[in-house]
Amino acid sequence: MNLRRFQRALWATLGALAGAGAVQAADISGAGATFPYPIYSKWADAYKQQTGIGLNYQSIGSGGGIKQIKAKTVTFGASDMPLKPEDLKEAGLVQFPMIIGGVVPVVNLKGVQPGQMVLNGATVASIYMGEITKWNDVRIQRLNPKLALPATTIAPIYRSDGSGTNFLFSHYLSQVSPKFKETIGENTSVQWPVGIGAKGNEGVANMTAQTDGAIGYVEYAYAKQIKMTYCDLVNSAGKTVAPSGESFQAAASNADWSHAQNYYLILTDQPGAASWPITGASFILVYGTPPDVAATGEALKFFDWAYRNGAKMAADLDYVPLPDSLIRLIRATWKADIRGVPAMASASDTKRM
Amino acid sequence: MNTAAAIDPRHAAGQRLRERLFRAATFVAALLVLMLLGGVALSLLHGAWPALAHFKLRFLTSEVWNPVTDQFGALAAVYGTVVTSLIALAIAIPVSFGIAIFLTELAPVWLKRPVGIAIELLAAVPSIIYGIWGLFVLAPILQRHVQPWLIDTIGPLPIVGKLFQGPPFGIGILTAGIVLAVMVVPFISAVTRDVFETVPDVLKESGYGLGATTWEVIWQVVVPYARTGMIGGIMLGLGRALGETMAVTIVIGNAHRIGSSLLAPGTTISAAIANEFTEAVGDLYTSSLVALGALLFLITFSVIAAARFMLLRLERRALSSV
């Protein structure tokens, strides 16, 4: 009798679960990167109010997003690290950038105010390789002639969890330091030879704020909202730039998107006097021949809506919307590479005028 | 006379059926546990196989953990797991036994209940709270006051000094060990107190009657009587320390390195998995993380097996001495 009652309860539970699944099926489902999650959910809220169609986005990380889209359990995947053209081809996926953000070095050093310290890529790489260990090292002092730097030991703080932030940061350091590229390399998580690992942006922020002599790197929105002591960087044009929406957008505009196959372009160390050197786009992955054409069509409609109406919301959250020229390229890609989806892209282009 | 009439054969048959069903249900429940355990072990092994086949023994002997070049070795994580747990036990065992002895033998009656309840409450605090406490309260104190002192006084000594050198970051292996100690104290002391309470008063009274001091009664009557239970409590604490994830991840510094110093950052198996699993791209990387999980399973399993074995031997010796 107990057993039978248990069975009945089990079936009831399963039935309820199946029912819940059916209700959510109308929503757009996606999974992946955590970095763009705040803006995706903000867009999703506004989109739902207008259209009644919700977004079920699981911010499980880029790696998880790639796995989920490959397993076809979601309509789109999201990744902070673009897939290589050959990987895309093998999986039959189409990728395009959705939103731009930047990574900012932050420090905790007595007497140093936000924006006062200037660093360049080679110096930051040397710090994270353990070659520069004191703040009064001549290489740092030379970049900051006006600052009185103490002989404090540098405590490099890094992201211990795999993340797009790690990828952008290590990619940038690999661009500017051949030795870094050779000994450490670029990835969503790398083996740092020195320093302390903290989990998440908030972990790095707290650890930096708490450790005297620390240097760390966080997403710009984070550094700005909790007023951390961010540093300026010397970019590839030799100019000192401050992190801001404008300098991220400059990096994105100066990048040569039209020649990048499958948008495989990482925005670090881009040319241009105003370009912030550690900038990156977050990408969306969908199938070129979607298993569920209607669902992918709904997802693209949402992205199209976000390109048209999402810029203000993105700026409010300290993200940077894509430049118009890039959005036009992406619409052309949708038309050419995604089969079976109605050509809503060109229609929305005309609506825009 | 009446009873014979009351047994209705149909009723008896129904009862037998119910009995059989009940037995089957409990059997299935018990079997389910075994199946779950077997399933976990099998799927861990299955997931870990690509990494184990690729790296072979190197997976156990290498401390390199480099996702860029796809080189993975578990040594640093195993080292961190074992060392943080040992530090935790080294601190927690004497403190817990002190608590248990005080509560059962020495404390005034009005104090027993509040302290006992406080310990049980400590055991119910979620681990994330301990982690945040470790990061925001303990780490700054260690960084500013304790670690500089350790570095200056013990650091220059030969051999032992090696364990306390390097810059004071406030977090690292030692900090993780201390936080773990705080987390396992409630477990060990609660169990120890309970087994101390099972010591028959007659034994203790005879001890006192023979003119033994409190110290002698505790060490020569209470502790020997309760030894098996104490070991059980320690193993329970060790089990928790080995597998603890969140609190350790926050305070250990998450570095796949084996530093000679206890002040250096390190990592543990569960911290590495929690940190890296979501973003692990590539089959070898994912598989290596699963292999780490399998190792933790193995370590925990052997700890429990060793504890069982010790208990068995103690029991046998106790029986033979009677």
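FYI, side chains are in, hydrogens and waters are out, and symmetry mates aren't considered; it's all heavy atoms of this structure. The sequence lines fix the lettering, A, B, ..., with proteins before strands; numbering per chain opens at 1.
- Judged purely by distance below 3.5 Å, without hydrogens or angles, the side chains of A/Thr73 and A/Gln68 pair a donor atom with an acceptor atom.
- At a heavy-atom separation below 4.5 angstrom, chain B is approached by A/Met207, A/Gln210, A/Thr211, A/Asp212 within residues 207-218 of chain A.
- Across A/Asp80, A/Ile157, A/Thr153, A/Ile60, the residue that shares the most heavy-atom pairs under 4.5 angstrom with chain B is A/Ile60.
- A donor-acceptor pair shorter than 3.5 Å cannot be found between the side chains of B/Ser62 and B/Gln71.
- In terms of heavy-atom pairs under 4.5 angstrom with chain B, the leader among A/Asn206, A/Thr34, A/Ile66 is A/Asn206.
- Contacts of residues 184-205 of chain A with chain B at a heavy-atom distance below 4.5 Å involve A/Ile184, A/Gly185, A/Glu186, A/Asn187, A/Thr188, A/Ser189, A/Val190, A/Gln191, A/Trp192, A/Pro193, A/Val194, A/Gly195, A/Ile196, A/Gly197, A/Ala198, A/Lys199, listed in sequence order.
- Heavy atoms of B/Thr267 lying under 4.5 Å from chain A are absent altogether.
- At a 4.5 Å heavy-atom cutoff, B/Val251 makes no contact with chain A through either its backbone or its side chain.
- Within the 4.5 Å cutoff, no side-chain heavy atoms of A/Thr123 are placed close to those of A/Asp137.
- When each of A/Tyr158, A/Phe169, A/Tyr172 is tested with A/Tyr128 by the rule ring pair (Phe, Tyr, Trp, His ring centres under 6.0 Å), just one qualifies, namely A/Phe169.
- Contact annotation: the side chain of A/Ile69 approaches that of A/Tyr287 to within less than 4.5 Å [non-hydrogen atoms, C-beta and beyond].
- In this structure, chain B has no heavy atom under 4.5 Å from any part of A/Ser79.
- Proximity to chain A (any heavy atom under 4.5 Å) is restricted, for B/Ile250, to the backbone atoms N, CA, C and O.
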